[in-house]
Amino acid sequence: FLAPRTRLGMQLRNRLLGRGPDREPLVGEVRAIADRADVDLDLARTVDTETLRMLMSVGGELDRGRCWLTAELLVLEALEARQGGDPNTAKAAAARALELYSWIPEHWRPLADVPPVSSRVAEATALLAE
């Protein structure tokens, strides 16, 4: 479930950070990943914390992969908003991503070649501080 979406997300992240061949707006691609993973980013951005926690849970237990993927997609949205000159959207998306990351152990990672949550927290914190 996570592997293809994680790798695609990493490619999008690199393009947004100028490490790829093109940096065109990637909102549509982020939305497509969210849709394929059955993640409603609009809902994730707007619900209260308790509801968000329920959305990220299966059988009453937090689904770390779903939580991580949602946070990653929100960070991608924050990066795109920052690049597009929309600091308020960037900060709101980064803040919600930080909330999601806070529910996952800092050394957890969905795949061995993906940086742990702690590195993602640092990136989202920097976006929030800008």
Taking side chain as C-beta onward, heavy atoms only, is L128 less than 4.5 Å from T125?
no

Provide the closest heavy-atom pair for V47 versus L52 in the form atom of the first, atom of the second, distance.
CG2-N, 3.6 Å

Should L62 and C67 count as side-chain neighbours, where that means a heavy-atom distance under 4.5 Å?
yes

To check you understand the geometry: which heavy-atom pair defines the closest contact between R66 and L55, and what is its length?
NE-O, 3.3 Å

For a 4.5 angstrom cut-off between non-hydrogen side-chain atoms, does L74 reach Y101?
no

Should W68 and L100 count as side-chain neighbours, where that means a heavy-atom distance under 4.5 Å?
no

Give the minimum heavy-atom separation between A90 and A81, together with the two atoms involved.
N-CB, 3.6 Å

Could R53 and E50 be called an ion pair, given the rule that one side-chain N must be under 4.0 Å from one carboxylate O?
no

Counting C-beta onward and ignoring hydrogens, is there a side-chain heavy-atom pair between K91 and L127 closer than 4.5 Å?
no

Let me see the working for E77 and L41 under side chain to side chain contact (heavy atoms under 4.5 Å, CB included), right down to the final yes or no.
CA-CA 10 Å; E77 281 195 349; L41 288 176; 3.4 Å; yes

If you look at every heavy atom in A94 and A78, which pair is closest and at what distance?
N-CB, 3.9 Å

Report the C-alpha distance between E99 and T49 in whole Å, list the side-chain angles of each, state the deciding distance to 0.1 Å, and finish with yes or no for side-chain hydrogen bond (donor to acceptor under 3.5 Å, both in side chains).
CA-CA 8 Å; E99 181 177 4; T49 297; 2.5 Å; yes

Are V39 and M54 connected in the hydrophobic side-chain network, where two residues link if heavy atoms are under 4.5 Å apart?
no

In the structure I gave you, are the side-chain heavy atoms of P105 and R64 within less than 4.5 Å of one another anywhere?
yes

For the atom pair OG1 (T70) and CH2 (W103), what is the distance rounded to the nearest 0.5 Å?
9.5 Å

Can you tell if the side chain of E123 reaches within under 4.5 Å of the side chain of L79, non-hydrogen atoms only?
yes

Whether T89 side chain and D86 backbone form a donor-acceptor pair below 3.5 Å
no

When rounded to the nearest 0.5 angstrom, what distance separates CZ in R120 from CZ in R109?
10.0 Å

